2 protein chains.
Amino acid sequence: MSETATLAVGADEVMALKRLALDGGLTGEVKLSCSAFADEIGTSTQTASRRLQRLDSAGLIARETVSDGQWIELTDDGEHVLRREYEDYRTVFEGPRTIELSGTITRGMGEGQHYISLSGYMEQFREKLGYEPFPGTLNVTMGDESVRRRAALRGFDAVHIEGWRDEDRTYGPASCYPAVIEGTDGDRYDESHVIVPDRTHYDEDRLELIAPDRLRDALDLEDGDRVTVYVTE
Amino acid sequence: MSETATLAVGADEVMALKRLALDGGLTGEVKLSCSAFADEIGTSTQTASRRLQRLDSAGLIARETVSDGQWIELTDDGEHVLRREYEDYRTVFEGPRTIELSGTITRGMGEGQHYISLSGYMEQFREKLGYEPFPGTLNVTMGDESVRRRAALRGFDAVHIEGWRDEDRTYGPASCYPAVIEGTDGDRYDESHVIVPDRTHYDEDRLELIAPDRLRDALDLEDGDRVTVYVTE
DNA sequence: ATTACTAGTTTACGAGTAA
DNA sequence: TTTACTCGTAAACTAGTAA
């Protein structure tokens with residue numbers, strides 16, 4: 001993945017990236033000249049130019065140079081870098097609002113695929129999560145420490161999936177929590193959810209995740225691989 | 001002021017300071033060795049040592065070296081530096097929660113001193129603002145743009161100062177908003193409040209500020225000097 | 001163990017300049 | 001005007017060493 005290049009930028013570049021975001025580079029393109037940007041970050045125009053070059057080659061910004069300056073926009077990777085910084089600062093001043101759960105990939109028993117595909121659930125996923133999940137769950141078996149931390153999930157605001165019934169039986173309600181999954185090599189998948197049945201008993205040390213893509217493919221995971229799941233409120 | 005030294009540290013030092021805060025250096029002393037810290041920030045032990053030296057001499061951390069490491073704690077200045085960063089990131093992702101008002105210092109008509117000194121107000125200031133304000137207000141005359149932005153103040157949670165009366169007349173209620181004042185030379189005064197009478201009509205382009213100290217002295221201000229007032233929620 | 005100094009090398013910087 | 005190159009200098013880095 002391109003994350004390797006992302007890690008290459010230094011603190012000065014992150015600071016410059018933040019400046020660009022404050023100037024509106026996150027919501028759309030922003031028009032700049034190197035000299036104006038130099039004034040903002042307190043360097044020479046040459047250094048300002050170099051900062052932008054490095055952010056560009058690291059894939060954190062996209063830009064188009066025109067005759068009297070350049071149009072700059074942050075990329076998704078650039079936004080991720082800043083969001084991670086933001087999380088750090090929020091942790092410092094507000095305390096951690098993210099639960100970090102780690103464990104290993106295990107094979108599910110296939111029932112995840114069955115339930116998720118049912119239209120009674122699928123329609124709610126589309127509506128409430130904003131995507132149609134891949135028909136199947138990623139199963140993560142957690143260690144003791146993570147099982148303990150998992151309890152704090154109850155304090156979070158969940159996306160509620162309502163129960164329903166057909167002719168044969170009833171299907172119970174469930175709660176979804178936004179999550180970020182980080183693979184062993186540091187790759188991150190942002191748009192996933194931890195899904196927990198509300199009433200049905202579940203294995204305490206097992207975490208089930210859904211996402212628009214098949215997470216095993218997206219993060220190149222196999223049974224036994226170690227992942228970290230960041231559950232956010 | 002000591003802010004000059006604060007401004008001297010670079011982005012690398014701020015990043016290191018953030019790391020120290022995440023390790024608990026904000027809530028109390030944290031025990032570290034240079035080599036352990038080097039691993040955290042991804043540098044050599046020599047560079048880690050130098051980062052700490054610079055943060056120390058800039059007054060952002062206080063530390064005590066012992067035989068097997070050192071005890072480190074962030075100073076108030078160090079916390080301020082990080083809080084400023086935090087505000088930047090919050091502005092980026094949550095939108096500005098700070099109203100920036102700029103204008104020039106003008107001579108008040110002396111009625112500020114009179115009202116503020118009255119015990120009916122002064123007691124509430126002590127109780128609700130946590131300090132006894134200097135008997136007098138700093139008057140700032142704003143430009144059109146700032147007058148427009150000032151309207152957003154209504155959306156903020158104010159510290160409410162209640163009205164009262166004595167034998168002769170009634171004194172109206174007022175609202176106070178925490179503010180930071182920044183002088184022309186970049187010096188900042190943190191512990192001040194914008195005070196706005198609730199009912200009495202006031203000049204739309206005039207901002208009145210109170211603070212524990214005489215702001216003209218603390219920030220070395222004269223009539224006509226340009227200041228920026230950051231009103232926070 | 002530590003911290004922090006000195007020395008040698010690499011990297012980053014700003015001035016000047018070309019396109 | 002711009003952006004971004006080259007170049008000489010200044011600053012920052014890592015390795016080694018002393019306390």
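Predicted model, so just to flag it, every value in this text is computed and none were measured. Letters A, B, ... mirror the listed sequences (proteins, then strands); counts begin at 1.
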N/O to N/O distances under 3.5 Å, protein versus nucleotides 2-7 of chain D:
from  : atom 1 : to      : atom 2 : distance (Å)
D/dT2 : OP1    : A/Ser35 : OG     : 3.4
D/dT3 : OP1    : A/Cys34 : N      : 3.0
D/dT3 : OP1    : A/Gln70 : NE2    : 3.1
D/dT3 : OP2    : A/Cys34 : N      : 3.1
D/dA4 : OP2    : A/Arg63 : NH1    : 3.3
D/dC5 : OP2    : A/Gln53 : OE1    : 3.2

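- The outermost nucleotides of DNA chain C lying under 4.0 Å from heavy atoms of chain B, listed 5' to 3', are C/dT2 to C/dC5.
- Every residue two or more places apart in sequence or in another chain was checked for a ring pair (Phe, Tyr, Trp, His ring centres under 6.0 Å) with B/Phe134, and none qualifies.
- Under the salt bridge (Lys or Arg N to Asp or Glu O under 4.0 Å) criterion, B/Arg54 pairs with B/Glu13, sequence neighbours left out.
- Residues meeting the side-chain hydrogen bond (donor to acceptor under 3.5 Å, both in side chains) test with A/Asp56, sequence neighbours left out: A/Arg63.
- Under the side-chain contact (heavy atoms from CB on, under 4.5 Å) criterion, B/Thr47 pairs with B/Thr43, B/Ser44, B/Arg50, B/Arg51, not counting sequence neighbours.
- For B/Glu100, there are no salt bridge (Lys or Arg N to Asp or Glu O under 4.0 Å) partners at least two apart in sequence or on another chain.
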Practice task
Return one dot-bracket line describing DNA chain D 5' to 3' (Watson-Crick or G-U wobble pairs, both distances under 3.5 Å; ( ) same strand, [ ] crossing, | another strand, . none).
Solution key: .||||||||||||||||||
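- Taken from CZ in B/Phe125 to NE2 in B/His193, the straight-line distance is 10.0 Å, to the nearest 0.5 Å.
- Residues satisfying the salt bridge (Lys or Arg N to Asp or Glu O under 4.0 Å) criterion with A/Asp205, sequence neighbours excluded, are absent altogether.
- By the side-chain contact (heavy atoms from CB on, under 4.5 Å) test, B/Asp144 is found to be paired with no residue, residues two or more places apart in sequence or in another chain being considered.
- Remark: A/Glu208 engages A/Arg206 in a salt bridge (Lys or Arg N to Asp or Glu O under 4.0 Å) (not counting sequence neighbours).
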Which donor-acceptor pairs under 3.5 Å do the side chains of residues 15-25 of chain A make with protein atoms, sequence neighbours left out?
from    : atom 1 : to      : atom 2 : distance (Å)
A/Lys18 : NZ     : B/Glu85 : OE1    : 2.9
A/Lys18 : NZ     : B/Glu85 : OE2    : 3.1
A/Lys18 : NZ     : B/Asp88 : OD2    : 2.8

